[in-house]
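All residue numbers in this chain count up from 1 along the given sequence. Quantities reported herein were computed from a predicted structural model and do not represent experimental measurements.
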Amino acid sequence: MTTNSTAPLKRAIFIDRDGTIIKEPADEQIDSLEKLEFVPGVISALRHIVGQGYELVMVTNQDGLGTDSFPEDTFWPAHNKMLSTLAGEGITFDDQLIDRTFPADNAPTRKPGTAMLTRYMDGSYDLAASFVIGDRATDIQLAHNLGAQGILLQSPEVAATMIDEACRESMVLATEDWAAVAERIRRTERRAEVSRHTAETDIHIVVDLDGEGETRIDTGLKFYDHMLSQLPHHAGISLVAVCKGDLEVDEHHTMEDVAIALGEAIYTALGSKRGMERYGFVLPMDESRAMVLLDFGGRADFDWDVKFTREYIGDTPTEMFKHVFHSLCVAMRCNLHISARGENEHHLIEGVFKAFARAIRQAIRRDVFSYSLPSSKGCL
């Protein structure tokens, strides 16, 4: 039984308005419909972000809104037209936070202040996995103050002159391209970290399905490490899998618990599953052949047809491999059918791991031109 089970935290994307969603005129006030113009690429990018498990929150400074210098009746027609246009594309905001003060007021509600955002700072949101998107230094400062990741809609060259050293670590991307913003957020969804602590094992797993992270494998069982190392090589993922287990008892707890934690990490990293292929591989390994049928459909079904004649390969008991893949199957909520034949049992099980990795690679591949679910039911 694990000791670290908690409900998942919510995530949010805090988005600036002027200069980020809609172009900002020279007078910095969008006070007529004639001035309303969307930033290129923003609508298609936001459509790709919607549905990835983030709340969308607009956070904007509107200097003196409601005063004689910026009457409300000049603000709302353009603002509401912007919202209705976005809503027509399926993009709606869970909250809109508008600060009306002037810069000289130094109000705590004005970006980069966080006084408007206190409900997102109560511990129910994973701010480290959340984003702030904007075109000004104050947006990156807000990300820094929240402990979130900042995305600046400026070229890297301009960003280097805008962002001070104290906030630079909070900026994970500087780009003028909204498509790059959407891809950065989509890629972030496909990373997961799982820690599993029991009386028998202490495990840390990090999976990045797009292979952008570190790879390091150390379970204390050298042959098991060798097999797990097939996953990053052949699935195109990055994998950290570190385990300190009770090997003085036997290998069972280490192999089982690593498989459970790895399966949980892959399942979490799949995220919404939108745009992925879902299914996936058959390959030869010298005189051996292995077939892995995989479906990330959300239901667990397992079939194993692999026969060993040796008790151990290296330091790893062969009887545990069926249990490892069954544990992976249940934790990943997938259909997993495995069969293999061969004479050399090192090749036999290595072929299984390689075929499993290739099946994962095939199944997690995303169509960048589609964000639909690979299911006629509309859910997975």
Side-chain angles (χ1 to χ4, degrees), residues 9-32 35-36 39 42 46 49 54-83 86-87 91-154 159 162-172 181 185:
L9 297 175
K10 294 178 283 187
R11 299 177 297 172
I13 300 177
F14 305 98
I15 307 178
D16 179 44
R17 194 189 83 141
D18 303 353
T20 301
I21 298 174
I22 51 180
K23 290 185 176 181
E24 188 167 36
D27 62 5
E28 299 184 351
Q29 282 191 358
I30 302 170
D31 51 12
S32 68
K35 289 183 177 180
L36 179 62
V39 170
V42 65
L46 288 176
I49 292 171
Y54 296 91
E55 294 183 14
L56 294 187
V57 182
M58 185 185 298
V59 186
T60 178
N61 293 337
Q62 297 296 324
D63 299 3
L65 178 60
T67 66
D68 291 341
S69 64
F70 195 2
E72 295 214 29
D73 59 5
T74 64
F75 171 80
W76 291 110
H79 184 78
N80 290 333
K81 181 65 175 177
M82 174 197 69
L83 294 177
L86 293 173
I91 304 159
T92 58
F93 291 90
D94 296 276
D95 202 357
Q96 297 178 59
L97 304 176
I98 301 173
D99 181 75
R100 300 161 175 258
T101 66
F102 290 101
D105 297 331
N106 292 318
T109 53
R110 184 180 177 85
K111 288 190 297 184
T114 60
M116 287 197 299
L117 298 162
T118 53
R119 82 177 187 88
Y120 298 98
M121 303 167 70
D122 65 358
S124 62
Y125 285 81
D126 185 352
L127 291 175
S130 298
F131 292 89
V132 176
I133 306 174
D135 66 315
R136 296 193 177 192
T138 51
D139 296 300
I140 301 303
Q141 291 165 9
L142 177 63
H144 178 76
N145 293 341
L146 288 172
Q149 302 175 66
I151 296 178
L152 186 67
L153 277 172
Q154 299 285 354
M162 290 176 60
I163 308 304
D164 60 39
E165 189 173 346
C167 296
R168 203 161 290 162
E169 287 187 1
S170 299
M171 185 176 67
V172 297
V181 174
I185 293 173

- [ ] Apply side chain to side chain donor-acceptor pair (under 3.5 Å) to the pair T101 and D105, showing each step before the final yes or no.
- [x] CA-CA 6 Å; T101 66; D105 297 331; 4.5 Å; no

- [ ] Verify side chain to side chain contact (heavy atoms under 4.5 Å, CB included) between V57 and I13, making sure each step is shown before the conclusion.
- [x] CA-CA 6 Å; V57 182; I13 300 177; over 6 Å; no

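- Of all heavy-atom pairs between P112 and Q141, the closest is CG-OE1, 3.3 Å.
- Residue Y54 comes nearest to A129 through the heavy atom pair CE2-O, 3.4 Å, listed as atom of the first residue, atom of the second, then distance.
- From D31, atom CG reaches atom OG of S69 across 10.5 Å, with rounding to the nearest 0.5 Å.
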TODO: Please report the C-alpha distance between D164 and R168 in whole Å, then the side-chain angles of each, then the deciding distance to 0.1 Å, and finally whether the salt bridge (charged side-chain N to carboxylate O under 4.0 Å, His left out) criterion is met.
DONE: CA-CA 6 Å; D164 60 39; R168 203 161 290 162; over 6 Å; no

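- Atoms OG and CD1, from S170 and I151 in turn, are 12.5 Å apart once rounded to the nearest 0.5 Å.
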TODO: Apply side chain to side chain donor-acceptor pair (under 3.5 Å) to H79 and Q62, showing your working.
DONE: CA-CA 11 Å; H79 184 78; Q62 297 296 324; over 6 Å; no

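- The two atoms that bring G64 and T67 nearest to each other are O-OG1, 2.5 Å, heavy atoms only.
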- [ ] Carefully, step by step, assess L142 and D16 under the rule side chain to side chain contact (heavy atoms under 4.5 Å, CB included).
- [x] CA-CA 11 Å; L142 177 63; D16 179 44; over 6 Å; no

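- By the 4.5 Å heavy-atom criterion applied to side chains, E55 and R11 are not counted as neighbours.
- Residues Y125 and R119 are in side-chain contact: their nearest non-hydrogen atoms beyond the backbone lie under 4.5 Å apart.
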TODO: Step by step, work out the side chain to side chain contact (heavy atoms under 4.5 Å, CB included) result for T20 and V39.
DONE: CA-CA 7 Å; T20 301; V39 170; 5.9 Å; no

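- Q154 has its side chain out of reach of R136: every pair of non-hydrogen atoms, C-beta onward, lies at least 4.5 Å apart.
- For P71 against L65, the heavy-atom pair with the smallest separation is O-CD1, 4.4 Å.
- Of the residues listed (D139, T60, N61, D99), the one engaging K111 in a side chain to side chain donor-acceptor pair (under 3.5 Å) is D139, and it is the only one.
- In this structure the side chain of I30 reaches within 4.5 angstrom of the side chain of R17, judged on heavy atoms.
- The two atoms that bring S32 and A78 nearest to each other are O-CB, 3.8 Å, heavy atoms only.
- Contact record, G66 with E72: CA-CG, 3.6 Å, taken as the closest heavy-atom pair.
- Annotation: side chain of F14 is in contact with side chain of L146 (closest heavy-atom distance under 4.5 Å).
- Considering only heavy atoms from C-beta on, M58 stays 4.5 Å or farther from L97 through its side chain.
- Under a 3.5 Å cut-off, the side chain of Q149 and the backbone N or O of A128 do form a donor-acceptor pair.
- For the pair V132/I140, no side-chain contact is recorded, criterion being any heavy-atom separation below 4.5 Å from C-beta on.
- Contact annotation: the side chain of F131 never approaches that of V181 to less than 4.5 Å [non-hydrogen atoms, C-beta and beyond].
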Open item on the list: Using the rule given for side chain to side chain contact (heavy atoms under 4.5 Å, CB included), can you reason through I133 versus I185, listing the C-alpha separation, both sets of side-chain angles and the distance that settles it, and then say yes or no?
Closed with: CA-CA 11 Å; I133 306 174; I185 293 173; 3.9 Å; yes

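- For F70 and F75, the distance between ring centers is under 6.0 angstrom.
- The CG atom of L46 sits 6.0 Å away from the CD1 atom of I21 when rounded to the nearest 0.5 Å.
- Rounding to the nearest 0.5 Å gives a distance of 13.0 Å between OG1 of T114 and OH of Y120.
- Remark: side-chain polar atoms of K35 are not paired, donor with acceptor, to backbone N or O of P25 under 3.5 angstrom.
- For D94 (side chain) and L56 (main-chain N/O), a donor-acceptor pair under 3.5 Å exists by modelled atom type.
- Ion pairing between D63 and R100 fails under the 4.0 Å rule for side-chain N and carboxylate O.
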